[in-house]
There are 2 protein chains.
Amino acid sequence: MENQKLYKGSLQTIILKLLEENDKMYGYEITQRTKEITNGELNITEGALYPALHKLEAEGTLEVEVVSIGNRMRKYYKLTEQGTKETANRLAEMKEFLKTMQHIVNPKLSLE
Amino acid sequence: MENQKLYKGSLQTIILKLLEENDKMYGYEITQRTKEITNGELNITEGALYPALHKLEAEGTLEVEVVSIGNRMRKYYKLTEQGTKETANRLAEMKEFLKTMQHIVNPKLSLE
DNA sequence: AATGTATACATAATTTTCTTATGCATATAA
DNA sequence: TTATATGCATAAGAAAATTATGTATACATT
C-alpha cells in the first residue's frame with residue numbers, strides 16, 4: 001500500500017475498465033469494487049475519484065444518471081458510445097505499458 | 001508514445017533497475033538505454049530525468065562521480081549500499097503493481 | 001445519549017511528478 | 001552554416017494525485 005504512487009496516471013483507465021464490465025456504477029461502488037479486486041492494495045481516495053469522474057463526464061466519455069436511494073443520492077455513471085471506443089484505446093495503451101514495464105523489470109522472462 | 005502518462009511514478013524505479021544491472025551510468029546514457037529497451041516507446045525527458053537523479057542522490061540512494069571526457073563532462077551515478085536495498089523494495093512494489101494491474105485489465109488471464 | 005463506522009456526495013489547499021521551454025557548451029555531419 | 005548528437009541544468013506550468021474538510025443519512029456500539 002506504499003506503492004500507491006505507481007498507480008498515478010492509471011485511475012481513469014481503471015474506472016473505464018470497471019464500467020466496461022459493469023454497465024453502470026456509482027462512485028462509492030467503484031472504490032469498494034477496486035478495493036475488493038486488488039485485495040485491499042489499491043484504495044481510491046474520494047479526492048482523486050470524484051474529480052476524475054467529473055472530468056470523464058465533461059469530456060463525453062461518461063454519462064450520469066442521478067438516483068434517489070431512500071434519502072441518499074447516488075450518481076450512476078456509464079460509458080457513452082464515444083466512451084466505449086475510448087476505453088478500448090485506453091486498455092490497449094495500458095497493456096502496452098504493462099508489457100514494456102515487465103520487460104524492464106524482468107527482462108529474462110520477457111521473451112521478445 | 002501517447003501513453004506517457006501511465007509511466008508517471010515509474011521513473012525512479014526504472015532508473016534504479018538500470019543501475020542495478022549496469023553498475024554505473026550517466027544521465028544521457030540512461031535516456032538512450034531506456035529508448036532502446038522500450039523500442040522507442042518511452043522517452044525520458046531531461047526535465048524529468050535530472051531532477052529525479054538529484055533527488056535520489058540527495059536521499060542517499062545514489063552517489064555520483066564526475067568524469068571529464070575530452071572537454072565534456074559526465075556525471076556517473078551508481079547505487080549506494082542503501083540504494084541497493086531500496087532498489088529491491090522498489091522492484092518488489094513494481095512487480096506487485098504490475099500483477100494487480102494485469103488482474104484488473106485482464107481478469108480472465110490472471111489465474112490467482 | 002454519544003461515539004464510531006459505513007454510505008454517498010463534493011471541493012479546496014497542497015504536493016508530487018511530469019511536460020515544455022530554455023540555456024550553456026562541445027563535436028560532427030550535411 | 002545548419003542540423004543533429006552529446007551532455008549537463010533549471011524554470012514555468014500542467015496534470016493528477018494526497019490530505020483535509022464539509023454535508024448528510026443510517027446503523028451499531030458503548
Side-chain angles (χ1 to χ4, degrees), chain A residues 1-16 24-36 40-59 61-62 64-77 90 93-94 97 101, chain B residues 1-16 24-36 40-59 61-62 64-77 90 93-94 97 101:
Chain A
M1 216 112 82
E2 338 86 45
N3 62 340
Q4 293 276 355
K5 81 172 152 192
L6 292 176
Y7 289 92
K8 243 179 213 287
S10 304
L11 178 58
Q12 289 192 4
T13 303
I14 292 170
I15 292 171
L16 296 179
K24 64 175 187 176
M25 297 181 83
Y26 55 101
Y28 186 74
E29 187 183 15
I30 291 173
T31 66
Q32 300 310 302
R33 181 68 53 85
T34 301
K35 205 181 293 182
E36 277 174 34
E41 193 185 314
L42 177 56
N43 290 298
I44 300 176
T45 59
E46 293 152 301
L49 176 71
Y50 292 114
L53 288 172
H54 299 162
K55 191 177 180 192
L56 289 167
E57 188 195 351
E59 289 170 2
T61 305
L62 300 183
V64 69
E65 182 197 352
V66 182
V67 175
S68 280
I69 304 290
N71 286 320
R72 284 219 198 87
M73 173 185 56
R74 273 187 196 162
K75 289 178 79 173
Y76 279 97
Y77 289 90
R90 299 288 192 100
E93 285 172 11
M94 176 59 78
F97 162 71
M101 284 307 306
Chain B
M1 217 111 81
E2 340 85 44
N3 61 340
Q4 293 274 357
K5 79 173 153 191
L6 293 176
Y7 290 91
K8 236 182 219 289
S10 304
L11 178 58
Q12 289 192 3
T13 303
I14 292 169
I15 292 171
L16 296 179
K24 64 174 185 172
M25 298 181 82
Y26 55 100
Y28 186 76
E29 186 182 14
I30 291 173
T31 66
Q32 300 310 302
R33 182 69 53 87
T34 302
K35 205 181 293 184
E36 275 174 34
E41 192 184 316
L42 178 56
N43 289 297
I44 300 176
T45 59
E46 294 153 299
L49 176 71
Y50 293 114
L53 288 172
H54 299 163
K55 191 177 180 191
L56 289 168
E57 187 193 352
E59 289 170 2
T61 306
L62 300 184
V64 70
E65 182 197 351
V66 182
V67 174
S68 280
I69 304 291
N71 287 320
R72 285 218 198 87
M73 175 186 53
R74 272 186 196 165
K75 289 178 79 172
Y76 278 98
Y77 289 90
R90 299 289 193 100
E93 285 173 11
M94 176 59 79
F97 162 71
M101 284 306 307

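Convention: sequence-line order gives letters A, B, ...; per-chain numbering from 1. As the structure is a computational prediction, the values presented were derived from the model and not from experiment. Hydrogens, waters and symmetry mates are skipped; everything else that's a heavy atom, side chains included, is used.
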Open item on the list: Within this structure, what is the CE-CE distance for the pair B/M101 and A/M101, rounded to the nearest 0.5 Å?
Closed with: 12.5 Å
TODO: For B/R72 and for A/T45, find the nucleotide of DNA chain D with the closest heavy atom, then tell me which residue's nucleotide is more 5'.
DONE: B/R72
Open item on the list: Could you work out, with salt bridge (charged side-chain N to carboxylate O under 4.0 Å, His left out) as the rule, every residue matching B/E65, not counting sequence neighbours?
Closed with: none
Task: Integer-rounded Å distance: C/dT20 P and B/N43 CG - done: 11 Å
Task: ring pair (Phe, Tyr, Trp, His ring centres under 6.0 Å) against A/Y76, all qualifying residues, sequence neighbours excluded - done: A/Y26
Open item on the list: Taking atom types as they are modelled, would you say the side chain of A/K8 forms a donor-acceptor pair with the base of C/dT17 within the 3.5 Å cutoff?
Closed with: no
TODO: Return the nearest nucleotide to the side chain of B/Y77; candidates are D/dA9, C/dA6, C/dA27.
DONE: D/dA9
TODO: May I ask you to say what B/S10 touches in the nucleic acid, namely base, sugar-phosphate or nothing, with a heavy-atom cut-off under 4.0 Å?
DONE: sugar-phosphate
TODO: Grab the OH-P distance between B/Y7 and D/dA16 for me, whole Å please.
DONE: 17 Å
Open item on the list: Tell me the interatomic distance from A/L49, atom CG, to D/dA17, atom P, rounded to whole angstroms.
Closed with: 10 Å
TODO: Taking salt bridge (charged side-chain N to carboxylate O under 4.0 Å, His left out) as the test, write out the residues that go with B/R72, two or more places apart.
DONE: none
Open item on the list: In this structure, how many angstroms lie between the P atom of C/dC18 and the CG atom of B/L6, rounded?
Closed with: 12 Å
Open item on the list: Just to verify, what does B/Y7 make a ring pair (Phe, Tyr, Trp, His ring centres under 6.0 Å) with, not counting sequence neighbours?
Closed with: A/F97
TODO: Taking the side chain as every heavy atom from C-beta outward, state whether A/K55 and A/Q12 have any atom pair closer than 4.5 Å.
DONE: yes
Identify the pairs formed between an N or O of the protein and an N or O of nucleotides 11-13 of chain C at a distance under 3.5 Å, and give each distance.
| residue | atom | partner | partner atom | Å |
| --- | --- | --- | --- | --- |
| C/dT11 | OP2 | A/H54 | ND1 | 3.4 |

TODO: Would you indicate, yes or no, if C/dT15 has its OP1 or OP2 atom less than 4.0 angstrom from a side-chain nitrogen or oxygen of A/K5?
DONE: no
TODO: Figure out the NZ/C1' separation between A/K75 and C/dA10, and round it to whole Å.
DONE: 9 Å
- [ ] Could you pull out the closest heavy-atom pair between A/M73 and A/V66, with the gap in Å?
- [x] CG-CG1, 3.7 Å
TODO: Send over the distance from A/K35 NZ to C/dA8 P, rounded to a whole Å.
DONE: 13 Å
Task: By side chain to side chain contact (heavy atoms under 4.5 Å, CB included) - contacts of A/T34 (at least two apart) - done: A/I14, A/L18, A/I30, A/T38, A/L42, A/I44
Open item on the list: Please classify the nucleic acid contact of B/G70 as base, sugar-phosphate, or nothing, using heavy-atom distances under 4.0 Å.
Closed with: nothing
Task: Any B/Y26 side-chain N or O less than 4.0 Å from OP1/OP2 of D/dC8 - done: no
TODO: Report the distance from atom CE of A/M73 to atom P of C/dA6, rounded to the nearest whole Å.
DONE: 21 Å
Task: Short side-chain N/O contact from B/R74 to OP1 or OP2 of D/dG7, under 4.0 Å - done: yes
TODO: Remember a base hit wins even if backbone is also touched, and classify A/I69 as base, sugar-phosphate or nothing at under 4.0 Å, heavy atoms.
DONE: nothing
Task: Separation of atom OH in A/Y76 from atom C1' in C/dC9, rounded to whole Å - done: 14 Å
Open item on the list: Please tell me if A/N71 has a side-chain N or O lying less than 4.0 Å from either OP1 or OP2 of D/dA26.
Closed with: yes
